[in-house]
There are 2 protein chains.
Amino acid sequence: MQTSSKVRWPAVLGAGARVALVCASGPLVGEADVVRAELHVRGMGWEPLRGASVLARQGYLAGSDEQRITDLQWALDDHTIDAVWCVRGGYGLTRIVSCLSLESFALRPKVVIGYSDVTVLHCAIAARARIVTFHAHTARAALPSMSRDSLRAAVTQGGEPCGVWPEARAVRGGRVAGRLVGGNLSLLAALCGTPDAMSARGAIVVLEDLHEPAYRVDRMLRQLEQSGALRGCVGLAVGQFTLVPVDENVDAPGVDELIDELAQRLGVPCLGNLPIGHIADQWTIPLGASATLDVDACALWTAEGAVNAQ
Amino acid sequence: MQTSSKVRWPAVLGAGARVALVCASGPLVGEADVVRAELHVRGMGWEPLRGASVLARQGYLAGSDEQRITDLQWALDDHTIDAVWCVRGGYGLTRIVSCLSLESFALRPKVVIGYSDVTVLHCAIAARARIVTFHAHTARAALPSMSRDSLRAAVTQGGEPCGVWPEARAVRGGRVAGRLVGGNLSLLAALCGTPDAMSARGAIVVLEDLHEPAYRVDRMLRQLEQSGALRGCVGLAVGQFTLVPVDENVDAPGVDELIDELAQRLGVPCLGNLPIGHIADQWTIPLGASATLDVDACALWTAEGAVNAQ
């Protein structure tokens, strides 16, 4: 059982921090993606470094498994690099995560940023190294002010990256504290049964996904439950399920209804419709960090900030 | 660890056998589905019995969880019923399988038929009761002569339901014996980490799926491997992956290539393009039974038949 007291934060990112841009999942469209990612890095006052194979392509992968693991391992291990910002998601991390060594990284933790397929990396770090990582836009994504400010708050200022969200949906009332775990539902399901599967014991679980019809969301939530991944979960902080295909069956439940039923089954506080997921304006979630979910206040507060780092 | 010597066959189905038609997954379109299923049962010389809720609907489910589990439990437990033939797949079995009791069924095993979502039921029976079950068309599906003859051979005559398939694709040569496990890849992946997850130790693994793009097939195969579900696998008998969406990425691997790579990684004989899956003419696979996969002969032989029953 993990306890939040043992989770460590990486060092904060100051001006001039060196940020590696790597692609461990799907391929980039081209140079323009990297240029935009570099602009985002510079816009935060940091210095970008390209992974050697960031533009590599091999079908639906950003290069061979060897290329992707080499870049990712370099970014995690090189002590002159302060942060790893994944440039895009897609698919590819479950192919290589079992080859990833986190020993050097655990000795000198650094900021790791991304989401969607990067959920796999977050889960591996949580399971093996217990370092706080950052669920936030990939580097090539549009980065509107709210997303940028939330990321900055999380990794540089020690401010509050989340907070009050009046449009949130109060699914099941209550106020609860716990560390933050979770991410993309499809990847959390794809990790079930593997050594990097999520453990929600004492944790507030974050969920989001895209393009998944309700019956698949249902199936994946059941897998999380039946595999034990949700055992001990104390709360649910649910983001957006975007581009859900229409179900041909009349009266089929929507994703909201499935989330409601899950919260009832688990008997935990649950806030939905949070700004987390495949949307432009999203919160950065410091995974592994302690947080408080207050359903009545429509709020998710992270109790610690990067200022508490080493 | 399971050994084929302890696996038991259900009693053969003779003329007049009473066959329960149940819907434990997705809903039927209407009465015509049940009528067709009943025709198929009568065409085999058996007597059909409708589950009480076979026509129930609740969104993408064939009625409430309670209705579906009640029907399925009745069909498995009633000693006057000789076989359970699922009327369709879809989705719904992972919602109820943990509530299913197999104690009475294990004392008096009977024939269980279906595939696709019914893979969950096959896996639960394999994990908890070790009775041979039958991976074959659901009862409402069109039942052309090859499918019908194969099913009949498997459950009534003790003949050979599989055999030689000249169109098979020799992926990795060799000849190997083992019990048969597997089914629909999506469901095998959805069971990873749960108590009913597949165990391939000493087994020939059957795989098929539909509508899944290659990157998802890749992700699911990785999950089977990394969760240990494929540990000890001795061979692969791969059926059809139908209606695979086109990948937008140039040079993306197809499913055949992913299967080839899997066979190489596992280092086992592998035969592809077998008549198993979401197609009209398919073999019945007696899951749990001993079989011999002979890649050079393009053959899958089941070593036992229902004649060996009790």
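Proteins come first, then strands; the chains are lettered A, B, ... in the order of their sequence lines, and each starts at number 1. Every value quoted in this text rests on a predicted model; they were computed, and no experiment measured them. Scope of the values below: all heavy atoms of this structure, side chains included, with no hydrogens, waters or symmetry mates.
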Review point. Considering only heavy atoms, which portion of A:A229 lies under 4.5 Å from any heavy atom of chain B: side chain, backbone, both, or neither?
Key: neither

Check your understanding: What part of B:P213 is in contact with chain A, defined as an atom under 4.5 angstrom from a non-hydrogen atom: side chain, backbone, both or neither?
Key -> neither

Practice item. Give the minimum heavy-atom separation between B:P253 and A:G59, together with the two atoms involved. Key: CD-CA, 4.4 Å

Exercise for review: Kindly indicate whether the side chain of A:R219, heavy atoms from C-beta on, has any atom under 4.5 Å from the side chain of B:L187.
Suggested key: yes

Point to revise | OG on B:S186 to CZ on A:R216, rounded to 0.5 Å | key: 5.5 Å

Point to revise | Residue A:E31 excluded, over 12 heavy atoms near CD under 6.0 Å | key: yes

**Study point:** Atom pair CZ (B:R95) and CD (A:E225), whose distance is rounded to the nearest 0.5 Å
**Key:** 9.5 Å

Practice item. For each of A:D218, A:L224, A:L221, A:L93, tally heavy-atom pairs with chain B at distances under 4.5 Å, and name the one with the top tally. Key: A:D218

**Study point:** Winner by heavy-atom pair count (cut-off under 4.5 Å) against chain B, out of A:A214, A:G90, A:G26
**Key:** A:A214

**Study point:** More than 12 heavy atoms from other groups under 6.0 Å of CD on B:E66
**Key:** no

Point to revise | B:Y215 OH to A:D117 CG distance, which is reported to the nearest 0.5 Å | key: 9.5 Å

Exercise for review: Rounded to the nearest 0.5 Å, what's the gap from CD on B:Q226 to CG on A:D196? Could you check?
Suggested key: 8.0 Å

**Study point:** Enclosure of A:R265 CZ (heavy-atom neighbours >12, cutoff 6.0 Å)
**Key:** yes

Check your understanding: For B:L191, is it the side chain, the backbone, both, or neither that has a heavy atom closer than 4.5 Å to a heavy atom of chain A?
Key -> backbone

Check your understanding: Is a side-chain donor or acceptor of B:Q223 paired with a backbone partner of A:A189 at a separation under 3.5 angstrom?
Key -> yes

